[in-house]
Structure formats: C-alpha cells, structure tokens
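Data first, discussion second: the structure below is written as structure tokens.
Basis for what follows: all heavy atoms, side chains included, without hydrogens, waters or symmetry-related copies. Lettering of chains follows the sequences in order, A, B, ..., and the numbering in each one begins at 1. Quick caveat, the model's predicted, so the values are computed rather than measured.
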There are 2 protein chains.
Amino acid sequence: MRSRIECKDCASNKCFVKQNCFGESLANISSKKNDNFNKKGDVIFREGNTMRGIYFIMHGAVKVATSSPIGREQVVRLASDGDILGHRVLGNDKYYFNAIALSDTHVCFVETSVFKETCLSSPEFAYRLLLFYALELRRTELRVKYHSQMNIREKVAEAFVYLNEIFGIDPDKKTLNVELSRKEIADIAGTTPEQVTRQLNDFEEEKLILRTKRDIQILNAEGLENIVRNYKIN
Amino acid sequence: MRSRIECKDCASNKCFVKQNCFGESLANISSKKNDNFNKKGDVIFREGNTMRGIYFIMHGAVKVATSSPIGREQVVRLASDGDILGHRVLGNDKYYFNAIALSDTHVCFVETSVFKETCLSSPEFAYRLLLFYALELRRTELRVKYHSQMNIREKVAEAFVYLNEIFGIDPDKKTLNVELSRKEIADIAGTTPEQVTRQLNDFEEEKLILRTKRDIQILNAEGLENIVRNYKIN
DNA sequence: CGCGTCCTTGAACCGCGTCAAGCCAGGTGG
DNA sequence: CCACCTGGCTTGACGCGGTTCAAGGACGCG
C-alpha cells in the first residue's frame, strides 16, 4: 500500500504522513504551522467560512461533504493520513464544503501565505502538489460518472471500495478502519439508509460481507470491486 | 469575463489563450510543441490510450466524456479556450476519458517531459497550474453533489449554466456558442434526450428560453441560475 | 427496567427511464 | 417542383427502481 514516515509531532504511534507526498517539505515549514486535534464528529472547517490556509491530515479519517439542513448530505470526498484539505486556499476563497472528522484526527494547519511561499520557492513541492491534485481530480471525475450512471447496488458497492481505498480494512477484524452509520454510508453512496440496509442484505447473501452486531466485515473485497468493475465495461 | 491574449500560431481571429492562465509560459516552450487542428466531432484522445503529453486548447470547445458502447455517455467536463486536457499526464498514465471536439478546435500538444521540465524550472508556471487544478477540482466536486442530489429539472438547468460558464452566449443570437443535439445536452445533464425535451418545454413556458428551429435562445440566464442556486439552499 | 437511537422491513407512491409512434426539417433524386 | 427518405425532435403511455413513510425490533445506556 502507501509507504509512510512517522510523524514527529504527535504522541500517537498511528500518526503517519505519506512519504510519497509532502512529508519532507512539510518538515521545512514546521515552525510556521499549527497542530489541531479533533474528536470524531468535529467540524474541521465549515462551508462559507473564509479560508485562512490549508490543512494536512497527519492521521485520522475525514469526510468532505455538502451541508444540507434538510435531508441528505453528500460526501464529495474522503481523506486520510497525508491528504490535504481546503484545496481552494490558493485562490483566496471561501470553503465550499464541510470537513468533518470520522475518527479522532490530527491535522496540521498552514497559513495561505506560508503555503504559497513554499510552492513558489520549491518547485519540487509544487510539483508534488500537482500530482496530488491530478490524482484527486481523476478520482472525482470518475465519481461524477459513477453517481450519474450507476444503480443503487453498484453505488453502495462503490462506496465500500472507496472506503477501503482511503481508509483500508483491519486485517484481523476484517472491518473498515472507520465506524460509520447507515446514514453516513448512504451519504457517500448518494442514497438513503434504507437502501443501504437492503443492499447489505444482498451482499450478505452473496457472502461478500458479514454483519456482526453493528459491525460490517468485508469478507470479499474483490467481489465488491467486481461489481464496480463490471459496471465499467458497459 | 475572461481576459485573453491573441494566439500567434493560428490564422483564426477567434483564437485566444486566457491571459490569466498559461499564455506567457506557453510561449517559452513554443518551440517544442505541436499544433493540431480538429473538426467538430473529432476525437482528440481516447480512453485507454497511453498519455504522451498534455493538450492546451488554443481555441474551440471540447467535451471530456466516458465512452460507453451501449447507451449513455457521461460528460465529466467541458473545456474551452485556454483550458488544458489530459491532466493525469504527470503520473505517466493512460487517458481515462475521451476528449471530443464540440466545434472546430485548435489544440497545442506538449510532451510530458517538456511539461514536467517547465513545471520544475518555473515555479510561477507550476503555481498557475495549481490554481487551475484547484478551480477544476472544486467545479468537479460540485458536480458530484449536483448529480447525486438534483432532480431532472435542476440538472438540465445546471447543464445550461455550466455550458454558459464555459462557452458563453452569443450576445446577438442569444444562443450558446456551441451547437448541441438533445442527446449531447442529456449526456451533460446526466439524463435522456426525452427528459431534456420535456424540461425545455417547461423552461419555454416560464420564458427562460425560446426555441427557434433547432436553436435554443437563452432569454433569462439568471432564471436558470436561480433554479440551480435555489437548490443549493436546501 | 425503560428510554432513546439506530437498524430493519414492508408497503405505497412517484419520478424518471424506456418504448413506440408521430412529427418536422433538410437533403436527394426523379 | 414535388415525392420520398432519413435523422433528430417531440409526445404520450407504461413500468421499474428508488425514495418516502411508518411500524417494529435490536441494542446501549442510565
């Protein structure tokens, strides 16, 4: 999977930053950053707030979602260790989505000016950022396709594949490394909690997953991926 | 609107590159680029092809879409003068979508190596690219939200708002600066040609648009934007 | 034990995609 | 100049998938 280096600023031994991303560059500006620690459910930033900088996730799970007072919220992105939040910082704008911690999280805040300076003085850093953006953009474009063409079965499968891709599965317990309610899964898949339940029934019958208490064990991740992949063929 | 500078490499007087984007930097590498001229409907690159470089649109209208042999194709992005195509070039990958000309188009091809070199030697250039990516990413994330939450009426309205944003409206004829079939509009909105027709009926009753022959005149662009904006509130 | 929260399940409704027929405009050939 | 053909647009009817609503169940917590 991802190669990682340990984070020096955090007590947790689960605290890493992706080596292939911003680890070293971040060390250079470490004197000018702020560390924030969030509990599960905390809002890291909120739609409409003025951007003051960019966040690096040192460790933890975060969802970026639209706020919608009534009814569904839509998760547009999942992020974890080493990812960045608040992309549009460069354009001196407002945040367009809410970032909410899905687990206890350690993020590192860097002010816009410092960030811009770092980009301009270090082409290496800017280039890495470009790679990050390019990957993220592709992922998001794919999701546009998925959400406009897939049926519910495929969307729910895709949600689990996406969750696995970003957060991974605990090798012992076989569960995702985040705990999510039906509603939260539905918000990622773009449907309702009831539909998620029904799909989980089907997946269980097909031995792709197993439900124990509130937990969902992923028995056959490949099977779920196949549902997504088979869709692609059409 | 967008400020632009004239393009030196093309006979057409409609040929521009966005000034706030890559104009000057592009001039620096002009000795190493290739100019391509495409007719409406031409495929600029195709899903699965190996990426050899990146394309700058000097002038013209382009859609980036999924290929799907049976049925719907989904447009994930619209692009015009000064935009770039083939983002993932940096990662030495394959193209994930098809790029198809929606009008006669002049694109400029730059090889990956040249492009990377330019990024690394010119932080200014890389930084501008970052801004471009950040904007594009936000736009795409919004589209994920739209496509998973909007109803047909809103999606079709959003398609026209998006088309207006990227290609603009002819001030005299009041029509979009691209000609699109019902199917093509449907592929952007993520629905079927029949539904597009039905929504156009409604929009015409509400005096938002007017259909003359095959043309669609946008009488009240703001009205269409309001449909999209009012949705956002919920 | 009782309460609250989340999950599950069934049933009803409805929006939207699908299918099919008819229409209109432009192009072609007699 | 008209008859015919073709391809895209329009319109109505129908059926399915998915959302919504409501009731019941499981679990955790005080």
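At least one test fails for A:Arg77 against the ring of A:Phe97: distance under 6.0 Å to the centre or angle within 45° of the axis.
Between B:Arg211 and D:dT10 there is a side-chain N or O to OP1 or OP2 distance below 4.0 Å. When the side-chain nitrogen and oxygen atoms of B:Thr197 are compared with OP1 and OP2 of D:dT11, none of them lie within a distance under 4.0 Å.
Between the CD1 atom of B:Ile185 and the C1' atom of D:dG8 there is a distance of 12 Å, given to the nearest Å. In this structure, A:Glu184 atom CD and C:dT5 atom P are separated by 16 Å, rounded to whole Å. Here C:dC7 presents its C1' atom at 15 Å from CD of A:Glu179, a figure rounded to the nearest Å. Atom CZ in A:Arg182 sits roughly 12 Å away from atom C1' in D:dA26 (whole-Å rounding). Across the protein-nucleic acid pair, B:Asp215 atom CG and D:dG8 atom C1' stand 14 Å apart, rounded to whole Å. Atom CG of A:Asn201 is separated from atom C1' of C:dG10 by 12 Å (rounded to the nearest Å). Straight-line distance from the CD atom of B:Gln149 to the C1' atom of C:dG15: 17 Å, rounded to whole Å. Note: CD (B:Glu194) to P (D:dT10) measures 11 Å, nearest angstrom.
Nearer to the 5' terminus of DNA chain D, by closest-nucleotide assignment, is the contact made by B:Leu200 (compared with the other of B:Leu200 and A:Arg153).
A perpendicular orientation is assigned to the rings of B:His106 and B:His59, their planes being inclined by more than 60° (bins at 30° and 60°).
B:Gln217 pairs in a side chain to side chain contact (heavy atoms under 4.5 Å, CB included) with only one of the listed residues (B:Asp170, B:Leu176, B:Thr175, B:Ile209), which is B:Thr175.
Each of D:dC9, C:dC16, C:dC7 was ranked by its minimum atom distance to the side chain of B:Ile152; first place goes to C:dC16.
The minimum heavy-atom distance linking A:Val178 with A:Ala61 is given by the pair CG1-CB, 3.3 Å.
Between the base of C:dG15 and the side chain of B:Arg198 there is no donor-acceptor pair shorter than 3.5 Å.
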